[in-house]
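Computed from heavy atoms alone, side chains included, the values below leave out hydrogens, waters and symmetry copies. One is the number of the first residue; the rest follow in order along the sequence.
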Amino acid sequence: MKHGSTAGRAAHRRVVSVLVTWLVLAGGAASEQSGVVSRQEALNAVFAGATITGDRVYLTVEQAERIAELAGEDVRTRIYARYVARRDGVVVGRAYVDTHVVRTKRESLLISLEPDGRVRRIDVTAFLEPPEYIPSKRWKGQYYEKPLVDDVALHRAIRPIAGATLTAHAVNAAVRRVLALDMVLEGREPGREGQ
């Protein structure tokens, strides 16, 4: 009797182990399919092999006003998470988190930049709206290599997303804010991006 119950418990543990493994893998696949990644996964992918340090940026009122002016978008917070990637002591890029409301729920984007301030990559790290409104990799790719210029706008250099207009507007505003934020923090002047 005792032997049977030990074997039963062992079989139960194996079944639980298989189920847990399946749930973890399925959750990872679902997350990958949905277009949402963790902040750490995104940073590791964008700045592979670099040393990444994170801090919080606390903007002054004047900095926030200048960012809003440059971006042409509201700045609703004066606190941003920033990551700086270095290889052999040389900055190879920066990334910022912009969290905002799309329709009624939040989205967080990790917007990674080249050292000169051009967009390197955009990763969705949180999206609480329905998953069908998450921007695709291809759509986000329209921003890559672009600095803060007037053409970084919907219906100009950026095509809208059919059926997800609010997402497109929210992402565009976030990209423009981050480009302006980096410009102000790095002391670059408009018109000198990407140089």
Side-chain angles (χ1 to χ4, degrees), residues 26-47 54 56-57 59 64-83 93-114 117-185 190 193-194:
S31 174
E32 194 173 290
Q33 288 173 347
S34 72
V36 177
V37 297
S38 76
R39 197 178 292 182
Q40 196 58 55
E41 287 171 321
L43 288 167
N44 290 343
V46 176
F47 302 116
R56 292 208 187 285
V57 174
L59 301 173
E65 288 171 353
R66 180 66 175 144
I67 291 164
E69 177 187 341
L70 289 169
E73 299 292 342
D74 290 339
V75 175
R76 296 190 174 137
T77 182
R78 292 187 8 224
I79 304 170
Y80 283 87
R82 172 179 58 185
Y83 299 89
R94 289 173 298 282
Y96 300 87
V97 176
D98 189 285
T99 299
H100 47 269
V101 173
V102 175
R103 182 176 177 206
T104 59
K105 297 184 177 159
R106 291 181 319 158
E107 169 186 55
S108 289
L109 301 176
L110 180 75
I111 302 171
S112 300
L113 307 178
E114 300 288 354
R118 291 174 292 121
V119 176
R120 183 170 185 163
R121 186 165 135 173
I122 302 167
D123 288 285
V124 179
T125 58
F127 194 84
L128 302 179
E129 296 284 354
E132 61 267 23
Y133 299 126
I134 293 176
S136 70
K137 285 183 182 182
R138 183 175 179 193
W139 185 83
K140 292 181 295 184
Q142 297 179 90
Y143 290 96
Y144 297 1
E145 297 300 318
K146 290 193 174 28
L148 181 60
V149 292
D150 289 341
D151 275 350
V152 175
L154 295 175
H155 302 289
R156 290 191 182 175
I158 308 300
R159 294 180 319 276
I161 303 173
T165 304
L166 296 175
T167 300
H169 282 286
V171 171
N172 195 76
V175 169
R176 291 189 62 81
R177 267 191 304 273
V178 165
L179 288 169
L181 170 65
D182 189 68
M183 185 182 293
V184 166
L185 294 177
E193 303 80 19

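With sequence neighbours excluded, the residues satisfying side-chain hydrogen bond (donor to acceptor under 3.5 Å, both in side chains) with Tyr83 are Arg39. In this structure, Arg176 has no side-chain hydrogen bond (donor to acceptor under 3.5 Å, both in side chains) partners at least two apart in sequence or on a different chain. Judged as a side-chain hydrogen bond (donor to acceptor under 3.5 Å, both in side chains), and not counting sequence neighbours, Glu73 has no contacts. Shown here are the salt bridge (charged side-chain N to carboxylate O under 4.0 Å, His left out) partners of Asp182, two or more places apart in sequence or in another chain: Arg94, Arg188. The salt bridge (charged side-chain N to carboxylate O under 4.0 Å, His left out) check on Glu69 picks up Arg66, with sequence neighbours excluded. With sequence neighbours left out, Ser108 forms a side-chain hydrogen bond (donor to acceptor under 3.5 Å, both in side chains) with Thr99.
Of the inter-residue distances, the one linking Thr77 atom OG1 with Asp98 atom CG reads 9.0 Å to the nearest 0.5 angstrom. Rounding to the nearest 0.5 Å places NZ of Lys146 at 13.5 Å from CD of Glu114. Here the CZ-CG distance, from Arg82 to Leu113, works out to 11.5 Å after rounding to the nearest 0.5 Å.
For Asp150, the CG atom is loosely surrounded, since the number of other residues' heavy atoms within 6.0 Å does not exceed 12.
Using a 4.5 Å heavy-atom cutoff, the side chains of Leu109 and Tyr96 are not in contact. Inter-residue side-chain proximity for Lys140 and Val124 is flagged as met; some heavy-atom pair is nearer than 4.5 Å. Under the 4.5 Å side-chain criterion, counting only non-hydrogen atoms from C-beta, Gln142 is in contact with Arg159. Taking the side chain as every heavy atom from C-beta outward, Leu179 and Met183 never approach each other to under 4.5 Å. Looking only at side-chain heavy atoms (C-beta outward), Leu128 and Val102 stay at 4.5 Å or farther from each other. Within the 4.5 Å cutoff, the side chain of Val171 has heavy atoms near those of the Glu107 side chain. Between Val46 and Arg120 the shortest side-chain heavy-atom distance falls below 4.5 Å. Annotation: side chain of Val152 is not in contact with side chain of Leu148 (no heavy-atom distance under 4.5 Å).
The main-chain N or O of Ile134 is never found under 3.5 Å from a side-chain atom of Glu129 such that the two would form a donor-acceptor pair. At distances below 3.5 Å, at least one donor-acceptor pair connects side-chain atoms of Arg177 with backbone N or O atoms of Asp74.
When all heavy atoms are compared, the tightest approach of Ala95 to Leu110 is CB-CD1, 3.9 Å. Scanning all heavy atoms of the two residues, the minimum distance from Val97 to Tyr80 falls at O-CD2, 3.3 Å. In this structure, Thr167 and Phe127 approach most closely via the heavy-atom pair OG1-CZ, 4.0 Å. Nearest approach of Ile161 to Pro135, heavy atoms of both residues: CD1-CB, 4.0 Å. For the pair Ala64 and Val75, the tightest heavy-atom approach, listed with the atom from each and the gap, is O-CG2, 3.7 Å. Residues Ala164 and Tyr133 approach most closely at CB-CD2, 3.9 Å, considering heavy atoms.
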List the steps and the verdict of side chain to side chain contact (heavy atoms under 4.5 Å, CB included) for Leu181 and Leu59.
-> CA-CA 9 Å; Leu181 170 65; Leu59 301 173; 3.6 Å; yes
